[in-house]
Structures are given as structure tokens and as C-alpha cells.
Amino acid sequence: MTISGRAQIPAHSEGNPGDKGKAEAMTTATKLNLRTLASSEELLAPGHRLCAGCTEPIVVRQVLQVAGPNTVVVNATGCLEVSTTLYPYSSWRVPWLHSLFANAAATVSGVEAAHKAMVKRGRLKEDERMNFVVFAGDGGTYDIGLQSLSGAVERGHRFLYVCLNNEAYMNTGIQRSSATPFGAWTTTSPVGSGTVGKSQPRKDMTRVMAAHGAPYVAQASPHLWKDLMRKVEKALSVDGPSFINVLVPCPRGWRTDVELGIGLCEVAVDTCIWPLYEVEDGRWRLNHKPRVKKPCVDWLKLQGRFDHLLRPENAGALAGQQGQIDDAWESLLAQCNAPQRGA
Amino acid sequence: MIASPSRLERKPALANQRLASLSGSLAVAEAMRQTNPDVVAAYPITPSTLMVEKFSEYVANRLVDTEFVAVESEHSAMSACVGASAAGGRAQTVTSSQGLAYMWEVLYVAAGLRLPIVLHCANRALSSPINIHCDHSDTMGARDSGWIQLYAENPQEAYDNALMAVRIAEHGDVLLPVLHTQDGFTVTHSLERVELLDDKTVAAFLGDYSPAHPVLDTRNPVTLGAIVMPDALFEMKRQNAEAMHNALRVIGEVGEEFGEISGRHYGLLEKHMVDDADLVVVVLGSTAGTARTIASQLRVAGMKVGVLRVRSFRPFPTQELAETLRGKAAVGVMDRAFSFGAAANPLFAEVMSALYLHGMNVPLINYVYGIGGRDATPGQLASVYRDLALAASAGSADPMVRYLGLRGP
């Protein structure tokens, strides 16, 4: 894996999403302007130990900017957990609880249930709405924590589950997860004489959560921060479970230049590899449509984990990948353009 | 457990109690109703299911205002308890066998975070092969998880332990989760005479729980469950060991206080005709009743025999047990679980260590019995005392590990 010669990433705007539906929705989110945000308290303190170029803390800060200090965070085991709480230090200025890898959603179920019980019994005030937010990686969400998440969503606990999706088990050293895309190199889907990296397509977890009937489900990207934060605001306002799947580039695992960071997100969205959409009470809405849908090679060529796909002998695999992305995009467009429930 | 007619007719010890005919499961469910925890998160598994079902009825009929979380697995049951307890609530769950095994990694989290969760357990064999009946392989598998473990003999004690467990767990010198258990089917499904305290007495006994650092206190945010490196983990685990040591004292204190309100006093051990006995059987759980009946019969026949029942397996009352057994001619230790490949099975290993540490070299025999729910019969217990008499006169016992009620050697 070489980490050089990456194509230049187009400069991105300050994050104005730019489609009509979005602009309309944003009028409700008046506090989401840079001046307010710049002066509000940071609830994730600097000095944590996440890698250079990691996009996780950006997402966490965006989420907490909306959630505010009256928030309890439950964190699954993973990069964020180990890097922000190295005893006796902590970066968290909100209450934070870590139990295990597989059980973040079940753990938050208990926190939320206890809160309900205490409000009911008059030990806590009802008027101060408390937010319950889970941060978990794709491993803790798509794989080992799937049952726990499915159960908690089915039971209808009020919590926001944010999947920090870097598309592999990065904390243990870049192993494949079911979020890892087809063709990606990882240490457990290596490129060999008989393989071109991961041989299966990724699981569509956002659809899995939408199929649960959770009142609010979305995909987001930190480069469109207003979109992400508006989604957090909506998610926290529902009286039940909500799920936001956020793409978080990982320079170590994706074999990318550190400075590309968040810019990779823009390419992912413009290639329709990571479409931005939301499912609100069963109504599907596309939040961002690229002006020009770029070929997936624009995305792949920035990342060492896909180097092998660009070799001439793997042209077939590359074409197959573009086909998968096109199919998924068309399917999403059809879903969003179909007559919506209650519309 | 052979109840005499006189016991059935006896009036409750104190006026604040009423009589009921309850199985061990229903007795625990009643204790849970009276405790009215903030959160109960549970998943059904035989033979503890009835506790969850009965408690669900209490929730449905508003006899409690507990948040009942009907989770999708035992892993999530214990995880939700961790969340609820960390939030500052009283949290309880119920399980058996595979359920306890499925909770395994979360048990360590509960103990490590010092969360006073109470687990109402019903013993059942672990697969494979699958078997739904009693042995102690499930709870013995969790014996090093950092949980306090109390073993009840009958529905009455299961009820009493369910209440005392809350106080022991939440005691400031302990702050450890408590598992209290009863033999699956033998106790969980046997109707017996149970004396129940009135709700007011229970409420006063339990008091309120107000933890120092709940995660729901957003004005004083805490980080709970941080990653800890070699520079500090050792000290933290040492504190857990100290808390477990403190529990030896606290279990006794709570047992005494409970005795004052109920007339039923509990210590770490229960001694039956042990003081002047030459031959003693050490046992956990419901088999103690059968052992006592046989011991009483043998006493009539002139044999000086006794029964020592261990109520608290974790912490293990090493010193008290050794002092109790000092001067005995032979001791039999009944294990309802294997510890494959070990020098001896779980209870025996504890007894052997205790006696060695106190300089006693008594002939010891380890009996494995009742595996997968096989009956522990009066005849088997009688044969144990016969074996012990032979070992006492020989001054040694060979083989050390023996199997009761097993077909073949």
C-alpha cells in the first residue's frame, strides 16, 4: 500500500447542502449558524488521542453542539472510546458511559429506562429533556452490536444512535466488517493471487434500520455539517429511537493522505457512494443530489485500500463495483421519488 | 428438603408477616414486587421464567411502577442493568444457565464498575448436551466474575436473600453486584410455606438508594468505563478484592438486621448439629434439607453427624468454615458441578484450601452429585456418612473424588 500520488480533492464549500428540500428543512434549525456554533461550548475537549486526520471527533463535536450539555453519551468499544478516555484523563464534558463492544444500544436502553423511572417517581424533573446518544463504530453497529441495536430500536427507547462508519475494524488494526465495501483491502480481506480484497458488497445498514420502522433514520456526512446537525436535531426531537449513519474517513485504514480528511466525504457523496438521505416516519427524502454524478474511480483512486482495483487486470471488478453503486443509487432515487406515506 | 407437618402449621415468627404457599420463583417475584426496582431487564429461560412472567403481571397491573425492559437476550438484560445502575437506579434481572453464561462478559463489567445490581438466579446445567434441570455449573462458571454469590436452600430463603441482596450490594463498603440463587425446579417449582414481610417493613429495610456519581447527573459529568492501562488497573482490581472481603462482614450484619425484622437470622454458614459432630457434610442449596433429615436419623442411631451449609460462596467464609470444622474426624464435600481438570471440584477446592490454611489435615471426600438434575436421594446421603465413618477410622480417604448416583465408576 503506497500513500502517495493521490489526486487532488476538490475544494468544498462551507457546507450549504444546496437542494430545495434541505433549504426548507433548515429554516427550523435557526441556531445552526457559524456565529452561534463558534461561541458555544465544546463538549468534547481537545487533547484526545485520535489519529491525525481522523474525522470521528469532528462528527462527535457536531452532534454534541446540537445535543448540548444535558446529554448522556454511551460509547461502544472502539477508536473513539479508547482515544478519549485514557485514564485518568477524559475528553468528555458530558456524562459518558462505556460498557462493552456489543452492547451500547442495550446499555443506553437501561440508562433511558432508569431516567424514565426516576422522572415517573419524581426524582428527576420532567421539564429538562435529557438526550441519550450512542456513538459506535461500524463493527459495533453492523456486526457484533446488531442484535442489541435491533432490540433497542424495536422496544422504542428514546435515544439517538450515531454510527461512526469508517468501514472496517480500525481500532484492532483494519479488519473487514460488514460495512467494508466490495474490493477494499483490509488485513482480513487482503489482496492475494486469488482475491481482490473483500469479495462481498457492504451491508446496507441504514436500510436495515429504516426497515425497523424507527421514527428517524438518516445517512450523513460531516462535510455537509448543516445537514448533519439538522439531522441530529430532528433525531433528538422524536419520541423514540433514531439512527444516523455517518461516513468517517480513516487515513490509517483507508490508506489515504492525512490532510485529505473530511474532503474524502465530499467525494463519497458526489460519487453517490455515500448518498445523503433521511427516512422520517417512513417517508424517504433525498437530501443532496450531486450536480454531476462522478465515477466511483474518483473515490477509489484517493485510497490505498483500493489501489489494486485500478490495475488493468481488475477492470472487471472495477466495472462490477460501479454497477453496484449505480444500482443502489437508482434504487434510492426510486424510493425517494415514489409516493410517500402521508404525503 | 423434607418439611415436617409441625413446620407447616407454625405461625409466622413476627406479627408483620403473613403466610403464603409459594414456589421459590414466586417467592422471589414477590420480593421483587416489594422492592419495586427502578428497572428490571430480563429475558426468559427455564427454570427462572416464572419470576419474569409473574413480575410482568405486576407491571401490567400496576402493582409496581418499575420500568420493565423485555430485552432480546440475556447479554442485553445485563447490559441494560449496567446502564440503569450507572444511571443511578436500582436494577435487577433474572436468569439461569445459558442465560448466565451469555451474560458472562457483562458480569465482569457490572462488578468492575461497582454497580450494585441484583441478579435472581435459578440453577440449571450448562449445555452441551442441553438439559434444563438443576446443577451448579452455571453459577460456578461465574464465580470469579467479582459478583457476590448467595445460595438459598428453599423458597423462604430465596425470598429473604432477594431482599438482603439489595442491602448487601448497595452497602458503601461493598458496592458489588449480588447473584442469589436457588436450585432449579427443586426450589423454583416447589410450593412451600413462606413467611412474607409486609410491604412497609420491606420498604423500611431496603431504604432509598442514592449513588454518588450517577451518569444522569449532567451537572456533574463523570466518565464511567474509561480505558485503564497497567499503571492503574491493578489498584482498581485490588479495591474489588477489598470490597469482596468487606462483604464477609456486611452479609453477616445485614443477615442480623434482617433477623430482627423477620425472626430469621442469616450468617455466611448454616450449621446443623455440627458443634459436637465427628462427621460433617458440607453442601450448597436444597440438598442440605435431605442431608439434615438423614443426619437427624443417624443421630438417633448414635452417629455423631452434622451438616454445614454454605450460604455465601463468594465471598467464601474461609476462616469461619475452618474454625467450624476444626477437630472433625472426616468431612464430605458435595459438589453439584465439575471443575474439569482441577485438583478437585469448586466447593471442595474452597474447603480444602480453608482447612490447609488453618493447619488441619482431616480426611476429605469430594462427592459430585445431582448433575443435570439427577436426584440427590436420602440413600445417597446415608452412604456419604457411612463413607465418612470408614475414612475417619482409616484416617484417610481414597479415592478423594467420588460420584453419587452415577451408573458405572
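In this text the structure is predicted, and so the values were computed from the model without any measurement. The chains referred to below are lettered A, B, ... by the order of the sequence lines, with proteins before strands, and numbering in each begins at 1.
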Over 12 foreign heavy atoms within 6.0 Å of CG, B:Asp231: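 It does: B:Asp231 CG has more than 12 such atoms within range.
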Given heavy-atom pairs under 4.5 angstrom as the criterion, report whether the side chain, backbone, both or neither of [X] touches chain A.
{"X": "B:Ala70", "answer": "backbone"}
{"X": "B:Val71", "answer": "both"}
{"X": "B:Pro37", "answer": "backbone"}
{"X": "B:Leu233", "answer": "neither"}
{"X": "B:Arg90", "answer": "neither"}
{"X": "B:Asn36", "answer": "both"}
{"X": "B:Thr66", "answer": "both"}
{"X": "B:Asp217", "answer": "backbone"}
{"X": "B:Ala41", "answer": "neither"}

Please evaluate residues B:Leu224 and A:His98 with respect to the criterion side-chain contact (heavy atoms from CB on, under 4.5 Å), reporting the C-alpha separation (whole Å), side-chain torsions for both, the decisive distance (0.1 Å), and the verdict. CA-CA 6 Å; B:Leu224 198 58; A:His98 162 249; over 6 Å; no
Between the main-chain N or O of B:Ile227 and the side-chain N or O of A:Thr85, is there a donor-acceptor pair closer than 3.5 Å?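 Confirmed, A:Thr85 side chain pairs with B:Ile227 backbone.
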Looking at [options], which has the largest count of heavy-atom pairs under 4.5 Å with chain B?
{"options": "A:Pro88, A:Ala113, A:Gly151", "result": "A:Ala113"}
{"options": "A:Asn103, A:Val108, A:Thr77, A:Val73", "result": "A:Asn103"}
{"options": "A:Ser109, A:Ala117, A:Ala102", "result": "A:Ala117"}
{"options": "A:Arg123, A:Glu112, A:Arg121, A:Glu81", "result": "A:Arg121"}

Please give me the minimum heavy-atom distance between [X] and [Y], naming the atom from each residue.
{"X": "A:Ser99", "Y": "B:Val82", "result": "OG-CG1, 4.1 Å"}
{"X": "B:Thr223", "Y": "A:Trp92", "result": "OG1-CB, 4.1 Å"}
{"X": "A:Pro95", "Y": "B:Pro221", "result": "N-CB, 3.4 Å"}

How about B:Leu216 and A:Leu124: do any of their side-chain heavy atoms sit closer than 4.5 Å?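 Sidechains of A:Leu124 and B:Leu216: in contact.
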Side-chain heavy atoms of A:Lys120 within contact of B:Glu67, under 4.5 Å: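 They are in contact (side-chain heavy atoms under 4.5 Å apart), so the answer is yes.
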Measuring heavy-atom distances to chain B, does [X] have an atom under 4.5 Å in its side chain, in its backbone, in both, or in neither?
{"X": "A:Thr71", "value": "backbone"}
{"X": "A:Arg155", "value": "side chain"}
{"X": "A:Val82", "value": "both"}
{"X": "A:Leu97", "value": "both"}
{"X": "A:Phe132", "value": "side chain"}

In plain terms, say whether B:Asp38 and A:Lys116 are close enough for a salt bridge, that is, a side-chain N and a carboxylate O under 4.0 Å apart.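 Between A:Lys116 and B:Asp38 there is no salt bridge, as every charged N stays at least 4.0 Å from the carboxylate O atoms.
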Do A:Gln147 and B:Ser73 have side-chain atoms, one donor and one acceptor, less than 3.5 Å apart?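 Result is yes, a qualifying pair exists.
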Which of [options] touches chain A most, by non-hydrogen pairs under 4.5 Å:
{"options": "B:Ser76, B:Ala84, B:Ala87", "value": "B:Ala84"}
{"options": "B:Ala80, B:Gly89, B:Ser79", "value": "B:Ser79"}
{"options": "B:Val215, B:Val39, B:Val222, B:Asp65", "value": "B:Asp65"}
{"options": "B:Ala91, B:Ala226, B:Ala110", "value": "B:Ala226"}

Does B:Val69 form a side-chain contact (heavy atoms from CB on, under 4.5 Å) with A:His157? I'd like the steps, not just the answer. CA-CA 10 Å; B:Val69 187; A:His157 298 277; 3.7 Å; yes
Is there a side-chain contact (heavy atoms from CB on, under 4.5 Å) between A:Tyr87 and B:Met236? Walk through the geometry before answering. CA-CA 12 Å; A:Tyr87 182 86; B:Met236 291 180 181; 3.5 Å; yes
Working to the nearest 0.5 Å, report the span between OG of A:Ser150 and CD of B:Glu72.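 It comes to 7.5 Å.
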